[in-house]
Amino acid sequence: MDQVSREQVLQALRDVQDPELHKSIVDLDMVKDVRIRDGVVSVEALLTIGGCPLRDTIQLSIEERLRRLPGVRGVQVSLGVMSDAQRQALIGKLRGGSTSPQQRSAFLTPESPTRVIVVASGKGGVGKSTVTVNLAVAMRQAGWRIGIIDADVYGFSIPRMLGLDGQPTVIDQMIIPLEKDGIRVMSIGFLLPDEGEAVIWRGPILHKTITTFIGEVHWGDDLDYLLIDLPPGTGDVPITLAQTLPQAHMVVVTTPQPAAVNVARRAARMAEKVNMEVLGIVENMSWFQAAPGAPPVYIFGRGGGLRLAELLGVPLLGEIPLDPAIREGSDAGEPIVTTHPDSPAARAFHQVAARLVERLPARVG
Ligand SMILES: Nc1ncnc2c1ncn2[C@@H]1O[C@H](COP(=O)(O)OP(=O)(O)OP(=O)(O)O)[C@@H](O)[C@H]1O
Ligand SMILES: [Mg+2]
């Protein structure tokens with residue numbers, strides 16, 4: 001039988017990624033020691049922090065990958081923990097050699113490959129957060145690498161809508177986003193002791209929270225799209241975003257009644273003020289159908305989305321029907337695109353996702 005070599009083992013281990021950092025454990029210098037004896041490979045890998053919640057995943061991935069190598073008769077994996085100096089070196093590497101916090105995130109460089117889409121509306125409750133999570137799932141299902149920033153610091157709802165709780169791993173002040181079905185997510189909700197806690201910070205801290213989410217969270221350098229869920233209204237957050245992410249684009253969510261159009265126009269005006277291009281309009285709660293084939297009922301009137309699109313000279317990207325399953329999905333932490341993929345609403349979300357990608361093609365993928 002062929003003897004497996006150390007180089008072959010290291011080459012194979014390049015395929016094993018740290019599940020949170022999304023980089024090969026070899027590139028992250030997590031492989032400390034490799035020994036081979038009579039076809040039995042022993043690997044010592046170093047975890048970034050003690051009590052790493054994903055230690056079993058890492059161990060299994062190493063074992064599974066090495067077992068597939070020809071000539072390997074057995075695999076032994078032992079896990080250690082990095083020293084402070086090793087961890088510092090790793091963080092330096094993740095930041096691209098820079099020690100400045102503002103350099104940490106790939107989004108902050110002008111040549112960033114990540115497309116940023118801000119989901120806005122003039123008023124509350126029209127479905128921004130619902131649109132954000134369902135678009136994220138639809139785009140993820142289409143194969144794109146997606147991140148979500150919940151920029152609604154006072155009224156965050158993304159964690160509940162995605163069924164995410166728990167605290168993010170923090171490696172020496174670098175926050176690792178939580179993940180849902182491959183979507184990387186950051187929300188103030190992950191950092192507060194309990195969901196009911198009121199956030200009463202004032203402007204400067206709001207600004208700092210948003211810039212931290214952008215600049216100091218380890219998003220990786222491979223995201224195709226970053227979706228940002230805005231708070232209702234036209235407060236300070238869009239200004240902070242525009243300053244921090246000058247390449248961001250906007251999607252405006254509106255409901256169909258003519259009165260909503262004027263309100264939604266405010267969001268578009270704000271976009272203009274901060275120099276963000278509006279990619280298009282999503283009309284939400286467009287109609288209700290009691291059963292498949294039943295006549296649609298236009299509960300909130302008709303035509304608002306199209307009218308706004310015409311006023312702004314941008315496309316209407318899609319119309320999302322009212323569906324109780326959307327609300328149930330939000331409350332249960334499973335978006336309708338996941339739970340009812342064949343529903344008209346889920347199909348409408350997929351259509352919006354496809355049009356968005358057409359309007360703003362990915363740079364990474
Ligand atoms: N098309 C829809 N059909 C049924 N329910 C919906 C639909 N869109 C949104 N909802 C429900 O309406 C409520 C408000 O939606 P959502 O929280 O997404 O709005 P929002 O614009 O983000 O609100 P806020 O301005 O407070 O952030 C939620 O309970 C959501 O589940
Ligand atoms: Mg919201």
Side-chain angles (χ1 to χ4, degrees), residues 117-138 148-164 185-189 195 198-199 206 209-210 213 227-238 241 250-257 259-261 263-264 266-268 270 281-291 294 296-302 304-305 308 316-341 343-353:
I117 301 176
V118 172
V119 181
S121 75
K123 65 168 184 169
V126 300
K128 288 175 295 301
S129 307
T130 305
V131 167
T132 305
V133 297
N134 280 287
L135 275 184
V137 175
I148 298 179
I149 289 182
D150 182 352
D152 191 351
V153 174
Y154 300 137
F156 60 89
S157 54
I158 298 291
R160 184 177 41 81
M161 286 186 176
L162 286 174
L164 280 173
V185 186
M186 192 59 218
S187 170
I188 193 73
E195 201 188 338
V199 181
L206 187 60
T209 305
I210 304 282
F213 283 1
L227 304 183
I228 304 187
D229 182 30
L230 280 192
T234 52
D236 293 339
V237 175
L241 287 173
M250 184 180 280
V251 165
V252 179
V253 181
T254 187
T255 46
Q257 66 269 52
V261 169
V263 182
R266 280 186 221 146
M270 161 187 80
I281 308 300
V282 176
E283 187 187 90
N284 188 27
M285 314 194 184
S286 296
W287 64 80
F288 177 72
Q289 243 176 325
V297 182
Y298 298 94
I299 295 181
F300 292 121
R302 277 183 93 167
L308 182 62
L316 176 62
L317 299 167
E319 295 158 296
I320 318 292
L322 272 163
D323 185 337
I326 292 185
R327 200 222 11 98
E328 285 157 20
S330 294
D331 292 348
E334 291 292 344
I336 192 169
V337 170
T338 312
T339 55
H340 299 74
S343 64
R347 283 202 295 259
F349 280 121
H350 272 291
Q351 186 199 342
V352 172

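All ligand and atom numbering here is 1-based and tracks the order in the structure.
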Between [X] and [Y], what is the shortest heavy-atom contact and its length?
X	Y	value
Leu135	Ala353	CD2-N, 3.7 Å
Tyr154	Leu206	OH-CD2, 4.0 Å
Ala267	Ala120	CB-CB, 4.4 Å

Taking distance alone, with no angle check, do [X] and ligand 1 share an N/O pair under 3.5 Å?
X	value
Met161	no
Val126	yes
Thr130	yes
Ser129	yes
Lys128	yes

Ligand-residue contact atoms, ligand 1 with [X], heavy atoms, under 4.0 Å:
X	answer
Gly124	25 (O)
Ser330	31 (O)
Asp152	27 (O)

Can you tell me how far apart [atom1] ([X]) and [atom2] ([Y]) are? Round to the nearest 0.5 Å.
X	Y	atom1	atom2	answer
Thr132	Met161	OG1	CE	8.5 Å
Thr130	Asp229	OG1	CG	8.5 Å
Arg302	Glu283	CZ	CD	9.5 Å
Ile188	Ile210	CD1	CD1	8.5 Å

Record the part of [X] in heavy-atom contact with ligand 1 below 4.0 Å; permitted values are side chain, backbone, both and neither.
X	value
Val253	neither
Leu322	both
Pro321	backbone

Self-check item: Sole candidate of Leu317, Ile281, Val282 that passes side chain to side chain contact (heavy atoms under 4.5 Å, CB included) when paired with Val252
Solution: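 Among the candidates, only Ile281 passes.
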Self-check item: Identity of the nearest option to atom 10 (N) of ligand 1, non-hydrogen atoms only, from Glu319, Met285, Glu328
Solution: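 Minimum heavy-atom distance to atom 10 (N) of ligand 1 goes to Met285.
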Self-check item: 4.0 Å protein heavy-atom contact status of atom 7 (C) of ligand 1, strictly under
Solution: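 Within 4.0 Å of atom 7 (C) of ligand 1, protein heavy atoms are found.
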Exercise. Mark yes or no for whether Lys128, through its side chain, and Lys123, through its backbone, hold a donor-acceptor pair below 3.5 Å.
Key: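 Present.
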Quiz item: Between Asn134 (side chain) and Ile336 (backbone), is there a donor-acceptor pair under 3.5 Å?
Solution: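 Confirmed, Asn134 side chain pairs with Ile336 backbone.
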Self-check item: Gly125 to ligand 1, any heavy atom closer than 4.0 Å
Solution: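 Right, Gly125 reaches ligand 1.
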Practice problem: Please determine if the Mg ion (ligand 2) has an N/O/S atom from Ser129 lying under 2.8 Å away. | Solution: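 Under 2.8 Å: Ser129 contacts the Mg ion (ligand 2) through an N, O or S atom.
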